[in-house]
Amino acid sequence: MEYIMILVNRVFNYFKNKIRRIVLFVRYNRNLTLGERVYWRTGFSVIIEGSGQLSIGNNCLFNFNCSIACLGQISIGDSNIFGESVKIYDHNHKFNRRDKIISEQGMSVGEVTIGNNCWFGSNVVILKGAKIGDNCVIGAGAIISGIIPDNSLLRTTHNYEVEKISFQN
């Protein structure tokens, strides 16, 4: 009986992924390129706004509650594994004007590039400007906004730095 339930669950998930793939293509048409054998688990979300371009290569897995928010360009290579709750953003809120509240200051839009054959631990946040090379392992909880060379292992130390905001009028 247990084998039958496992089989039913796999078949259900297969068709759920196929339907989700169709919905993404209908919704984002020219803004999305999706490779073969891209899988995601419950809670996966994609938002592409404006002229944003999202490309996901072949053989990628997005675990529970991963999300991608694209206003500029996000390129994800082949054979990547994303742990639970990985977030990818190619933009940030602008925040350095005193005469406007943050939500009215607009966005600073950039790019995110992820190479091939990478593994991202749970709760990794990938921000605009990130360029992650091939064959990288990014440890849980990391926040990435810069260049990570090929064949790198990144661990977090969770040291905090606080600096004063330089406001402009």
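I47 and I88 fall within the same hydrophobic cluster, where Ile, Leu, Val, Met, Phe, Trp and Tyr residues are linked whenever their side-chain heavy atoms come under 4.5 Å apart, directly or through other members. When the side chains of ILVMFWY residues are joined at heavy-atom separations under 4.5 Å, either directly or via intervening members, I144 and I68 end up in a single hydrophobic cluster. In the hydrophobic cluster analysis, where Ile, Leu, Val, Met, Phe, Trp and Tyr join through side-chain heavy atoms closer than 4.5 angstrom, I76 is grouped apart from I147. The same ILVMFWY cluster, assembled from side-chain heavy atoms under 4.5 Å apart, contains both L34 and F44.
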Show me the side-chain donor-acceptor pairs of residues 132-139 shorter than 3.5 Å, one per line, residues at least two apart or across chains.
unit_1: D134; atom_1: OD1; unit_2: N116; atom_2: N; d: 2.7
unit_1: N135; atom_1: OD1; unit_2: N117; atom_2: ND2; d: 2.9
unit_1: N135; atom_1: ND2; unit_2: N151; atom_2: OD1; d: 3.1

Counting only pairs under 3.5 Å, give me each side-chain donor-acceptor contact of residues 48-67, with atom names and distances, residues two or more places apart or in other chains.
unit_1: N58; atom_1: OD1; unit_2: E36; atom_2: N; d: 2.6
unit_1: N59; atom_1: OD1; unit_2: R37; atom_2: NE; d: 2.8
unit_1: N63; atom_1: OD1; unit_2: R41; atom_2: NH1; d: 3.2

For residues 98-115, run the donor-acceptor check on the side chains, cut-off 3.5 Å, and write out each pair with its distance to 0.1 Å, sequence neighbours left out.
unit_1: D99; atom_1: OD1; unit_2: R97; atom_2: NE; d: 3.1
unit_1: D99; atom_1: OD1; unit_2: R97; atom_2: NH2; d: 3.3
unit_1: D99; atom_1: OD2; unit_2: R97; atom_2: NH2; d: 2.6
unit_1: Q105; atom_1: OE1; unit_2: F95; atom_2: N; d: 3.3
unit_1: Q105; atom_1: OE1; unit_2: N96; atom_2: N; d: 3.0
unit_1: Q105; atom_1: OE1; unit_2: R97; atom_2: N; d: 3.1
unit_1: Q105; atom_1: NE2; unit_2: R97; atom_2: O; d: 3.1
unit_1: Q105; atom_1: NE2; unit_2: K100; atom_2: O; d: 2.9
unit_1: S108; atom_1: OG; unit_2: K128; atom_2: NZ; d: 2.4

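Pairs of residues two or more places apart, or lying in two chains, never qualify as side-chain hydrogen bond (donor to acceptor under 3.5 Å, both in side chains) while including a residue from residues 79-90. Applying the ring pair (Phe, Tyr, Trp, His ring centres under 6.0 Å) rule to pairs touching residues 133-152 yields nothing, sequence neighbours excluded. Applying the ring pair (Phe, Tyr, Trp, His ring centres under 6.0 Å) definition to pairs two or more places apart or across chains, those involving residues 101-135 are F82-F120.
Here NE2 of H91 is found 8.0 Å from CD1 of I74. Values are rounded to the nearest 0.5 Å. Rounding to the nearest 0.5 Å places CD1 of I4 at 10.5 Å from CD1 of I6.
Across every non-hydrogen atom of V86 and G121, the tightest pair is CG2-O, 3.4 Å.
For I143, the CD1 atom counts as loosely surrounded, since its 6.0 Å shell holds 12 or fewer non-hydrogen atoms of other residues, nucleotides or ligands.
T156 meets the side chain to side chain donor-acceptor pair (under 3.5 Å) test with H158; sequence neighbours excluded.
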